[in-house]
Amino acid sequence: MARTAPVPDVRARFAADAPGRRPLTRAAVGGLAAHVFFELGAGVGMPLASVVGPYPAATAWGLGTAAVWRAAGRPSPSADRLLAAANGFGLAAVVAHLAGWPTRTRFGVPWLRTCEGLGPDLMRYYNPIIYVSGAACLLAILRENRTAPVALPALMLGLAPALVAMQHAEHRRLKARARRRRAWWNRRL
């Protein structure tokens with residue numbers, strides 16, 4: 001009779017509570033990257049683009065996303081603080097968008113009507129990106145990064161009012177830059 005190798009339990013390897021696996025944090029950072037790159041692709045710039053330009057801003061966002069993505073896949077409790085802060089910051093960014101831009105109620109929740117130069121025609125795509133990334137951030141805070149201080153994501157959430165002000169300041173700078181020099185990345189402003 002031939003011996004067979006044991007079959008590994010693939011489900012355990014990819015479970016949210018498996019050591020070092022943080023799929024919710026990865027979903028959160030992926031959603032936040034989708035959010036800022038959607039803005040860039042739609043022609044309204046992205047955070048930091050008014051200060052350093054679109055290519056350095058996209059590079060910074062891409063590298064930051066890759067770093068958090070990689071940290072979320074490593075079995076290192078020492079990354080829990082960083083990842084909890086990233087999830088809290090992501091949730092704060094979502095709250096800032098919903099609190100700082102015109103909304104209406106849809107399905108019992110705030111639904112953006114316009115945001116950072118994105119018109120109503122793009123909100124059917126933008127709102128789900130915002131909500132999915134926000135839900136992933138919240139679930140990651142609740143289920144992952146258990147060795148991080150509980151107050152850390154809450155402190156990051158406290159940044160929401162400052163993020164509203166920063167979003168509006170960035171939007172004003174992006175519009176001024178678009179008036180001076182129109183390009184593919186600021187064409188809607």
Side-chain angles (χ1 to χ4, degrees), residues 16 22-51 54 57-58 60-69 71-72 82-145 152-175 178 185-189:
R22 300 176 186 93
L24 296 169
T25 297
R26 281 186 160 181
V29 73
L32 293 170
H35 155 208
V36 296
F37 283 99
F38 181 86
E39 291 172 354
L40 180 64
V44 298
M46 69 186 326
L48 301 177
S50 71
V51 178
W61 278 101
L63 291 173
T65 298
V68 175
W69 183 275
L82 166 74
L83 298 173
N87 289 321
F89 183 83
L91 186 57
V94 169
V95 169
H97 277 75
L98 296 172
W101 298 92
T103 60
R104 63 184 169 100
T105 302
R106 186 169 182 184
F107 309 116
V109 296
W111 198 254
L112 291 166
R113 289 185 290 157
T114 63
C115 185
E116 297 176 300
L118 297 171
D121 57 321
L122 295 174
M123 290 299 107
R124 70 177 139 218
Y125 310 111
Y126 192 66
N127 275 299
I129 292 170
I130 294 291
Y131 272 100
V132 168
S133 65
C137 288
L138 179 61
L139 289 171
I141 289 167
L142 296 174
R143 297 215 13 136
E144 298 175 350
N145 313 78
L152 186 57
L155 289 172
M156 298 306 285
L157 188 56
L159 295 174
L163 290 176
V164 170
M166 290 169 63
Q167 288 169 4
H168 285 278
E170 176 76 2
H171 184 60
R172 283 190 299 275
R173 287 191 305 268
L174 285 167
K175 287 190 330 186
W185 62 274
N186 64 10
R187 65 190 178 277
R188 285 185 184 260
L189 299 174

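Bear in mind that the values here come from a model prediction, so they are computed numbers and not experimental data.
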Show every donor-acceptor pair shorter than 3.5 Å between a side-chain atom in residues 131-141 and any protein atom, with sequence neighbours excluded, or say none if there are none.
{"residue": "Y131", "atom": "OH", "partner": "P110", "partner atom": "O", "Å": "2.3"}
{"residue": "S133", "atom": "OG", "partner": "I129", "partner atom": "O", "Å": "3.1"}
{"residue": "S133", "atom": "OG", "partner": "I130", "partner atom": "O", "Å": "3.0"}

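Using a distance-only test at 3.5 Å, with no hydrogens or angles considered, a donor-acceptor pair links the side chain of N127 to the main chain of L112. Between the side chain of R22 and the backbone N or O of E144 there is no donor-acceptor pair closer than 3.5 Å. Side chain of E170 to main chain of L48: a donor-acceptor pair is present (N/O by atom type, distance under 3.5 Å, no hydrogens or angles). Under a 3.5 Å cut-off, the side chain of R188 and the backbone N or O of A42 do form a donor-acceptor pair.
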Would you sort out whether M123 and L118 count as a side-chain contact (heavy atoms from CB on, under 4.5 Å), showing the intermediate values?
CA-CA 7 Å; M123 290 299 107; L118 297 171; 3.4 Å; yes
Output, in order, the C-alpha distance, side-chain angles, deciding distance and verdict of side-chain contact (heavy atoms from CB on, under 4.5 Å) for L91 and M156.
CA-CA 8 Å; L91 186 57; M156 298 306 285; over 6 Å; no
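Taking the side chain as every heavy atom from C-beta outward, L159 and F89 approach each other to under 4.5 Å. A 4.5 Å side-chain heavy-atom check between V68 and L83 finds at least one atom pair inside the cut-off. C115 is listed as a side-chain neighbour of H97, based on a closest heavy-atom distance under 4.5 Å.
When all heavy atoms are compared, the tightest approach of L82 to A71 is CD2-CB, 4.4 Å. Minimum interatomic distance between A33 and T65 (heavy atoms only, all atoms of both residues): CB-OG1, 3.6 Å. Nearest heavy atoms, L40 versus A58: CD2-CB, 4.1 Å. Looking at every heavy atom in both residues, A92 comes nearest to A160 through O-CB, 3.8 Å. Shown here for A72 and T25, the closest heavy-atom pair between the two residues is CB-CG2, 3.9 Å.
Between W101 and H168, the ring-plane angle classifies as parallel under the 30° and 60° cut-offs.
A donor-acceptor contact under 3.5 angstrom links the side chains of E39 and H35, judged on distance only.
The line from CZ of R104 to CH2 of W111 is 8.0 Å long, rounded to the nearest 0.5 Å. Residue F37 holds its CZ atom at 9.0 Å from CH2 of W61, rounded to the nearest 0.5 Å. Distance check, rounded to the nearest 0.5 Å: CG of L152 to CG of L157 gives 11.5 Å. For the atom pair CG (L122) and CD (E116), the distance works out to 12.5 Å, reported to the nearest 0.5 Å. To the nearest 0.5 Å, atoms CZ (R172) and CG (L189) are separated by 13.5 Å.
Residue P47 is tested with V36, L174, L163 for a side chain to side chain contact (heavy atoms under 4.5 Å, CB included); the sole match is V36.
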